[in-house]
Amino acid sequence: MEASQTEERAFHKKQKVTFYALFPAILCPLCLLFPYGYSIGTISSAALPLQEFYRQTYLERYNATIDEATLDVLWALTPTFYPLGGVFGAPSVPWLVRKFGRKKSLLLVQPICIVATLLLSLSEVIKSFETLMIGRFLLGIVGAIGTGITPMYISEISASHIRGIIGSLCSVSIVFGILIGNVLGLKQVLGTASGWPYLLAISAIPSVIFILYSPWLPASPRVLYFDMGKPEEAEKVLKRLRGTDDVELEIKSFEEEAKQSSQNKVMTILEVVKTRRVRWQMISVMVLMSSFQLSAINGIQFYFDQVFITAGIPPDLIDYVKLGVLVAELLVTALSGYFCERFGRRFLLLVGYSVICVFMIVYTVMTAFQDKVDWFSYISAVASLGIICGFCIGPSLVYVIAPELLDQSSRPAIMTLGVLVLWISFAIVTFATPYMML
C-alpha cells in the first residue's frame, strides 16, 4: 500500500502543468459556464428596466395598464424559463456524449446560444416579452448541457493532483459571470431602458470565442481509450497533456478500469436506475446536485435587490452591498479549489453546509426583528454574505466531486440524472423565491 502511494506521488511530480492542458481547462468553464452566471446576474441587475419594458409592451399591445399581479407572474416566469430550459436540456447529455463525444457536443450547442442571445437582444425591437422568455429557455438548454459535460471534459484532460483546483474553475466561472452581469447591469453602465438589449447580447461572446478556439481543443484521453478503442492515441494525448513521456501509471489505471468494466457497456439512464452496483453513486450525485440548488443560492442571486430590501438595507446602498458580496463570493470560490486539495471534498461539504445553516438562522432572526432594532439590517446583510460564502466553501464543489464518484460506463447517465435534478430544483427555487418574500 505504501509502495503504491509512493509510486503515485512520484508520478505526480513528473507531471507538468502544460499550456496544452491548462488553457482549455480554463477556457471551457469561462466560455461554457460564464454565460450560466451571466444570465443570473443580468436578470438580477436589470430588473427595473426589464419590468418597465414589460409594462410598456403590455400597454402598447393591449392599450391597458398591466396590473401588478400579472406583472409579478410574468416577472417570476422570466428567470424561471432559464432553469426550465435546463430541465429539457439535461436529458440530452448522454445521447450527445455517446453520439458526438464531449468536445464536439459542447461545440454543437454554441449556435443555439447565439440564436438565444439574438432573441434576447431583439425582444425590445419587436416588442415581445415572450421572445425574451424563449431566449432564456434556449440559454437554459445550453446551460444544462454545459454543466453536464464541461466538468467531465476538464476533469478528464487535467492531471489528478490538480483536478480539484481545475474543477473549481466551473464554480469560479459561474460566480465571475454573476459578478460581471451585475457590474454591467448597473444603471450607470447598461442597466437602463436603452442599454439592457446590449447587456443581454454580451452572452454570445463566449460562444464565439469557443467556436474559434475549438480546432485546438485536446481530445479526452478517456474517450480515446474507452469509447473509441484507440489506446495508442490516448497515450499520445496523455503525454502531451502531462508534459512527460512517463504516463504508465495513468495508462495502467485505464487498463484496470477496462478489466473491471469489460462486461459493462456505457449505461443508459434506465440501466443505472436498475443496476444495484451504481445505485449509491447515483443517489449520492442526485443528493449533491439537488442540495446545490436547495441551499437557495440562486434564489438569493436572482433576487439580490429584494433580499437586501427585505433585510432592511437602504436602496441607495444596495448596489454597493451587492457588488461587495459578489467580490467576496468570487474570492472564496477561487480559494475553494486549494482548500479542496488540502482538506478533502467531504470535509468542505460538511463545513459549507454547517456555515449555511448557521447564517440562514441568523438572517431569519435578524430580518424578523429588524423593525425593532435598526442595526439588525446590517447583520442580515452579513448573514447573506455568510450564506453565500458557505455555499462557495462546500456545495459549489459538486462539479469537482460528482464526476470523480463515477466510472466510465455510468458517468454520462448518472451525471445526466444529477444535472436534471439540479435544474428541476433550480426552477422550483427561482419561481418560489419572490413569492416567499412577499
Side-chain angles (χ1 to χ4, degrees), residues 35-87 116-117 119-141 143 177-178 181-182 184-187 189-201 203 293 296-311 313 315 318-319 322 384 423-438:
Y36 177 127
Y38 190 79
S39 296
I40 295 172
T42 50
I43 287 297
S44 170
S45 60
L48 292 178
L50 282 171
Q51 288 175 353
E52 186 57 32
F53 162 67
Y54 279 28
R55 290 189 180 94
Q56 289 291 75
T57 301
Y58 192 93
L59 180 62
E60 293 176 17
R61 185 183 297 179
Y62 301 109
N63 197 29
T65 302
I66 189 171
D67 61 275
E68 289 303 311
T70 303
L71 180 61
D72 287 342
V73 172
L74 288 175
W75 185 242
L77 285 173
T78 301
T80 306
F81 262 86
Y82 183 72
L84 281 178
V87 171
T117 304
L119 291 175
L120 292 174
S121 56
L122 293 175
S123 56
E124 197 273 338
V125 175
I126 61 179
K127 302 296 181 185
S128 171
F129 44 73
E130 294 87 354
T131 303
L132 185 66
M133 294 179 186
I134 293 169
R136 287 188 59 76
F137 181 83
L138 293 176
L139 276 182
I141 292 175
I178 296 171
N182 275 278
L184 295 181
L186 293 172
K187 56 182 177 293
V189 190
L190 293 174
T192 62
S194 60
W196 68 260
Y198 302 101
L199 175 70
L200 301 184
S203 58
Q293 291 295 345
I297 186 65
N298 281 323
I300 294 171
Q301 291 176 331
F302 263 129
Y303 303 103
F304 258 133
D305 289 8
Q306 291 94 320
V307 168
F308 289 134
I309 287 170
T310 302
I313 301 299
I318 284 178
D319 284 343
K322 180 168 59 175
S384 302
W423 286 89
I424 291 173
S425 304
F426 192 171
I428 293 170
V429 169
T430 303
F431 188 78
T433 299
Y435 291 99
M436 293 173 68
M437 292 190 295
L438 289 176

Checklist entry - Just wondering, more than 12 heavy atoms not from N63 lying within 6.0 Å of its CG? => result no
Checklist entry - Is any side-chain heavy atom of F431 closer than 4.5 Å to a side-chain heavy atom of F81? => result no
Next on the checklist: Can you list everything that forms a ring-ring contact (aromatic ring centres under 6.0 Å, His included) with W196? Sequence neighbours excluded, please.
Outcome noted: F53
Checklist entry - Just wondering, do W75 and L50 contact through their side chains at under 4.5 Å, heavy atoms? => result yes
Item to check | Heavy-atom closest contact (V429 atom, T433 atom, distance) | outcome: O-OG1, 2.5 Å
Item to check | Rounded distance [0.5 Å steps], CD1 in I43 versus OH in Y38 | outcome: 10.5 Å
Checklist entry - Under 3.5 Å, side chain of S44 to main-chain N/O of I40, donor-acceptor pair present? => result no
Checklist outcome for this item: When rounded to the nearest 0.5 Å, the distance separating OG1 of T117 from CG of L122 is 10.5 Å
Next on the checklist: With a 3.5 Å distance limit and no angle check, can you tell me whether T57 reaches the backbone of Y54 through a side-chain donor-acceptor pair?
Outcome noted: no
Checklist outcome for this item: Nearest heavy-atom approach of P83 to F426 is CB-CG, 3.6 Å
Checklist entry - So, does S45 use its side chain to make a donor-acceptor pair with the main chain of G181 at under 3.5 Å? => result yes
Checklist entry - Could you give the distance from CG (L71) to CD (Q51), rounded to the nearest 0.5 Å? => result 5.5 Å
Please table the atom pairs, donor to acceptor, closer than 3.5 Å between any side-chain atom in residues 126-136 and protein atoms at least two apart or in another chain.
residue, atom, partner, partner atom, Å
K127, NZ, E124, OE2, 3.4
S128, OG, E130, N, 3.4
S128, OG, E130, OE1, 3.2
S128, OG, T131, N, 3.1
S128, OG, T131, OG1, 2.9
E130, OE1, R61, NH1, 3.4
E130, OE1, R61, NH2, 3.0
E130, OE2, R61, NH1, 2.7
R136, NE, T78, O, 2.9
R136, NH1, S39, O, 3.3

Next on the checklist: Restricting to non-hydrogen atoms, name the atom on P49 and the atom on A193 that form the minimum distance, rounded to 0.1 Å.
Outcome noted: CB-N, 4.0 Å
Checklist outcome for this item: Between the CD1 atom in I424 and the CG atom in L84, the distance rounded to the nearest 0.5 Å is 10.0 Å
Item to check | Spatial distance of atom CZ (R55) from atom CG (L59) [nearest 0.5 Å] | outcome: 11.5 Å
Checklist entry - Do L120 and T42 pass the side chain to side chain contact (heavy atoms under 4.5 Å, CB included) test, and can you show the C-alpha distance, the side-chain angles, and the key distance before you say yes or no? => result CA-CA 12 Å; L120 292 174; T42 50; over 6 Å; no
Next on the checklist: To the nearest 0.5 Å, what is the distance between CD1 on I428 and OG1 on T430?
Outcome noted: 10.0 Å
Checklist outcome for this item: Shortest non-hydrogen pair, A116 vs L138, comes out as CB-CB, 3.6 Å
Next on the checklist: Please find the pair of heavy atoms, one from L139 and one from S203, that lie closest to each other, and give the distance.
Outcome noted: CD1-OG, 4.5 Å
